[in-house]
Amino acid sequence: MSEVRFRNPGWAGNTGEFDLSEADVRGTEYVGERMLDGGHPSVAPSLPYMFVRKEPDAPLFEGPYRERFDKIRSRYPTARAALLPALNLAQELRGHISPETMDEVAGLLGLSDAYVRGVATFYTMYNKRPVGRFLIQVCTNISCNLCGADDVLAAFLEHTGTELGETSSDGNFTVVEAECLAACGFPTCVQINSRYFEDVSVDDVPAVLDRLKREVNKGF
């Protein structure tokens with residue numbers, strides 16, 4: 001019996017015997033544009049996205065973002081319950097959650113500044129300071145760790161010329177270590193903004209970074 005190698009080309013899903021493109025697997029050609037206003041209120045809280053562009057000085061919230069905030073608020077019985085999706089929305093817009101942003105969200109929800117800061121600083125999913133256009137999160141939990149995640153993390157740091165949590169001089173990349181990204185079947189898993197790259201090896205790192213550089217002006 002011939003050996004079957006399941007080598008993932010750097011994007012979610014193993015195609016097996018099917019001749020599927022990355023766009024086919026990701027659904028990018030039929031999902032369409034993400035609605036800034038959140039669409040139907042039932043899904044508005046579940047649409048946080050990390051864009052290539054970051055607008056740390058953008059107003060919070062105006063236009064379609066205000067519509068989505070109002071939809072989020074309508075789905076929860078209390079302001080406290082709406083806090084996490086509101087913070088997600090703020091990070092989508094500004095790229096990180098500064099103390100000033102935390103205070104603004106607190107004012108919009110009628111919560112104390114201290115309470116909102118306590119919640120926001122508890123969760124690692126909120127960036128407390130600006131990050132690069134691409135936030136590269138390398139999973140180093142057990143499955144990925146056993147398959148060379150430490151070396152992959154080191155390769156990303158080397159090729160971006162950064163230390164952990166530091167942003168590259170061109171503003172493109174911030175590399176951090178992440179806990180389990182729920183892709184244990186395809187280690188090493190790397191989350192870059194809102195997209196997964198799976199089965200990443202040290203040899204893949206330069207090509208992944210070159211690809212991202214080409215996408216700087218396109219977004220995900």
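Values below: every heavy atom of this structure, side chains too, minus hydrogens, waters and symmetry copies. In this text, all values refer to a predicted model and were calculated from it rather than measured experimentally.
Note: the hydrophobic cluster containing F186 does not contain I142 (ILVMFWY, side chain heavy atoms under 4.5 Å, direct or indirect links). Linking ILVMFWY residues whenever their side-chain heavy atoms come closer than 4.5 Å, directly or via other members, leaves L153 and L146 in distinct clusters.
At least one test fails for R68 against the ring of F61: distance under 6.0 Å to the centre or angle within 45° of the axis.
Rounded to the nearest 0.5 angstrom, T101 OG1 and Q91 CD are separated by 9.5 Å. The line from CZ of R73 to OG1 of T78 is 6.5 Å long, rounded to the nearest 0.5 Å. Of the inter-residue distances, the one linking R80 atom CZ with Y115 atom OH reads 4.5 Å to the nearest 0.5 angstrom. Atom CE of residue M102 and atom CG of residue L87 lie 8.0 Å apart, to the nearest 0.5 angstrom.
Residue F69 is tested with D37, L109, V105 for a side chain to side chain contact (heavy atoms under 4.5 Å, CB included); the sole match is L109. Just one residue in the list V202, T162, V190 forms a side chain to side chain contact (heavy atoms under 4.5 Å, CB included) with F156, and that residue is V190.
Under the 3.5 Å distance criterion, the side-chain polar atoms of R94 are matched with a main-chain donor or acceptor of A58.
With contacts defined as side-chain heavy-atom distances shorter than 4.5 Å, the pair E215/V52 does not qualify.
The two residues K128 and A120 make their nearest non-hydrogen contact at CE-O, 2.8 Å. Between V119 and Y123, the shortest heavy-atom contact is O-CD1, 3.3 Å. Considering every non-hydrogen atom in both G38 and V43, the closest pair reads O-CG2, 3.5 Å. Listed here is the closest heavy atom pair of G161 and E166: O-OE1, 4.2 Å. Closest heavy-atom contact between L181 and Q137: CD1-O, 3.7 Å. Of all non-hydrogen atoms in P45 and R75, the two that sit nearest each other are CG-CG, 4.2 Å.
Side chain to side chain, S201 and D203 fail the donor-acceptor criterion of an N or O pair below 3.5 Å. Side-chain atoms of N88 and Y126 include a donor-acceptor pair closer than 3.5 Å.
Within a 6.0 Å radius of CG in L164, other residues, nucleotides and ligands contribute more than 12 heavy atoms.
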So R66 and D70, salt bridge (Lys or Arg N to Asp or Glu O under 4.0 Å) or not? Walk me through it.
-> CA-CA 6 Å; R66 180 67 198 205; D70 290 339; 3.2 Å; yes

